[in-house]
Amino acid sequence: MLFLQEQLGVCQGTKRIRYLTFFAMYISVMAIPKLSFGYRNQNELISSMAELIFVSNIVCGTMMLWLQCPRYAKFIYSLRNFANLVYQDGPFSTSAEYLAGFNRRIHRSTNTYCFCVMWLILFYVLAPIGTSFWIYLTSQLSSGLAVVNGTMEELTPIEFRHHMDHRFYGLQHHTYLPHYLIFTACMTPTVLGVAFTVHMKVLTISSCVSYCEVLLRIVAIEIDNLAHVPAESIHSELAHIIHLHERALQCIADLKVILQPIMLLQFVLCVLTWCAFMLYFVIVGHLDVKLINLGILFLVITIETFSSCFFGTRLSAQGEMLVKTIYSSGWENMPDHEVRRAMQIVLMRAQKPVGIMAGKYCFVDMERFQKMVNYSYSCFIVLKDAF
């Protein structure tokens, strides 16, 4: 995750200029042409607006993360400090083994995810180019046969396939090969940058939320182990637990602030993207490369939103589990009054709901995802009747 952020230029350092360069490319290659030069028909307008909303969610959401780089760097530093505190008890303690196992699992999951989406990216990038050159070669072959046979049949005009449909600074890239090559040379690196960015964003949000969940889980493990701690060490162990809990809550608070504007933008634009894509699918009604590519974009934004809600739900559920762990630890029966009072403090802090939020309006969870799906379908029905 951190490697992807570094390559894209989201993290701190001299490479941050990379993302500004990519953002300028997005403005010049996608945003300005899609908003300024008009469209040939209604289908192209709908698909182009869906693509623009999809890309804007990715690029602008990542720009929000880029702007909050100092706070994000602080969050990563806090995670590392928490891990160091856990490993102080030795690499073979229950908490240390759990954290090491989680690191291995998330590394495998990240690699598997990157391997799977690589094929989607390759298809999305190569399919329009391959189809276009096949159309061109077929047209040239048909034209050559017509000349050899001496026929004067009117040939069907060719039309190239593109990654994203819009006019591009006066180029005739739909029908004229040199202009198509110029357009493709500009669009291909931009599309690759968008693909790189969206999956970096998915992995960043999912991994960060998962790590926050693990922090609470480790606090729960430490509380479970409190019953097996010798009486002479219970005060120091309890102070360690309180310190871990404070660090965990601070990490969650930092992450919530970082993700609030990103998730709010994602929720709003995700609903708009779903509606636009579904409207295009219904209006076109036939399968081609363009429809498949839009289907890939629809799948990607659904995975992005679903993963945020899924891991947000797990984080909130782990917060509730921590409260149950404290209740079931039998803290009220402990003989030491100071220990009981310290456990009360931990319990009071744990009772506050934890999770990530979209703005300051709602928690990001599976219930919110279901409501978004229902609302998107209602909006789609209205749009379908209007068109």
Side-chain angles (χ1 to χ4, degrees), residues 75 78-89 92-106 108-109 205-229 234 237-260 263 306-334 339-358 362-371:
F75 168 75
S78 299
L79 286 181
R80 288 171 173 164
N81 282 343
F82 188 97
N84 292 335
L85 288 173
V86 171
Y87 286 122
Q88 281 180 358
D89 296 334
F92 302 108
S93 65
T94 306
S95 299
E97 288 182 350
Y98 182 83
L99 183 58
F102 174 78
N103 285 330
R104 290 191 294 268
R105 290 194 302 272
I106 202 168
R108 289 195 300 267
S109 301
I205 295 176
S206 301
S207 300
C208 290
V209 177
S210 295
Y211 268 106
C212 288
E213 177 194 349
V214 167
L215 302 188
L216 295 180
R217 176 60 182 162
I218 288 175
V219 174
I221 291 173
E222 294 289 340
I223 291 175
D224 280 336
N225 293 337
L226 195 61
H228 308 292
V229 175
I234 194 168
E237 182 64 23
L238 189 56
H240 179 63
I241 291 173
I242 293 174
H243 189 48
L244 286 178
H245 191 218
E246 288 176 349
R247 290 294 186 92
L249 292 180
Q250 185 59 51
C251 286
I252 295 172
D254 289 339
L255 183 64
K256 183 167 70 172
V257 173
I258 293 169
L259 295 184
Q260 277 179 347
M263 296 310 306
F306 176 84
S307 63
S308 301
C309 295
F310 176 77
F311 289 106
T313 301
R314 287 174 59 99
L315 176 60
S316 299
Q318 186 59 55
E320 296 173 0
M321 286 298 298
L322 179 59
V323 175
K324 294 178 181 178
T325 300
I326 299 173
Y327 270 121
S328 61
S329 65
W331 62 272
E332 68 279 4
N333 297 322
M334 293 181 180
V339 173
R340 294 199 304 269
R341 185 170 182 178
M343 290 296 291
Q344 281 182 313
I345 294 175
V346 176
L347 179 60
M348 290 176 59
R349 290 173 176 170
Q351 285 177 331
K352 184 179 180 181
V354 297
I356 57 175
M357 300 185 69
C362 60
F363 279 99
V364 177
D365 52 26
M366 292 305 299
E367 181 181 358
R368 183 59 50 183
F369 181 80
Q370 182 181 0
K371 291 180 179 179

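A pairwise comparison of heavy atoms in Ile221 and Ser95 identifies CG2-OG, 3.7 Å as the closest pair. Contact record, Leu85 with His240: O-CE1, 3.6 Å, taken as the closest heavy-atom pair. Taking every heavy atom of both residues into account, Ser308 and Ile205 meet most closely at OG-CG2, 3.8 Å. Contact between Val354 and Gly319 at its shortest, heavy atoms only, is CG2-CA, 3.8 Å.
A distance of 14.5 Å separates CG in Asp365 from CZ in Phe311, rounded to the nearest 0.5 Å. To the nearest 0.5 Å, the span separating CG on Leu249 from CG on Leu216 amounts to 6.5 Å. Here the straight-line distance linking atom CZ of Arg247 with atom CG of Leu79 works out to 11.0 Å at 0.5 Å rounding. The CG atom of Leu255 lies 8.0 Å from the CG atom of Leu315; values are rounded to the nearest 0.5 Å. Considering CZ of Phe82 and SG of Cys251, their distance stands at 7.5 Å, rounded to 0.5 Å. Expressed to the nearest 0.5 Å, how far CD1 of Ile223 lies from CD1 of Ile242 amounts to 9.5 Å.
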Criterion side-chain contact (heavy atoms from CB on, under 4.5 Å) on Leu215 and Val219, from CA distance to verdict: CA-CA 6 Å; Leu215 302 188; Val219 174; 5.8 Å; no
Audit row: Val209, Leu259, side-chain contact (heavy atoms from CB on, under 4.5 Å) steps and yes/no: CA-CA 10 Å; Val209 177; Leu259 295 184; 4.2 Å; yes
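Applying the side chain to side chain donor-acceptor pair (under 3.5 Å) test to every pair with at least one member in residues 309-321, sequence neighbours left out, gives these pairs: Glu213-Arg314.
Every residue two or more places apart in sequence or in another chain that forms a side-chain contact (heavy atoms from CB on, under 4.5 Å) with Gln370 is listed here: Asn374. With sequence neighbours left out, Phe102 forms a ring pair (Phe, Tyr, Trp, His ring centres under 6.0 Å) with Tyr211. Here Phe306 pairs with Phe310, Met366, Phe369 under the side-chain contact (heavy atoms from CB on, under 4.5 Å) rule; sequence neighbours left out. Judged as a ring pair (Phe, Tyr, Trp, His ring centres under 6.0 Å), and not counting sequence neighbours, Phe363 has no contacts. For Asn81, the side chain to side chain donor-acceptor pair (under 3.5 Å) criterion is met by no residue, not counting sequence neighbours. With sequence neighbours excluded, no residue forms a side-chain contact (heavy atoms from CB on, under 4.5 Å) with Ala317. Looking at residues two or more places apart in sequence or on another chain, you find a side chain to side chain donor-acceptor pair (under 3.5 Å) between Gln250 and Asp254. Here Glu246 pairs with Arg349 under the side chain to side chain donor-acceptor pair (under 3.5 Å) rule; sequence neighbours left out.
The environment of CE in Met357 is crowded: more than 12 heavy-atom neighbours from other residues, nucleotides or ligands sit within 6.0 Å.
Residues Tyr98 and Val86 fail the side-chain proximity criterion, which asks for heavy atoms closer than 4.5 Å.
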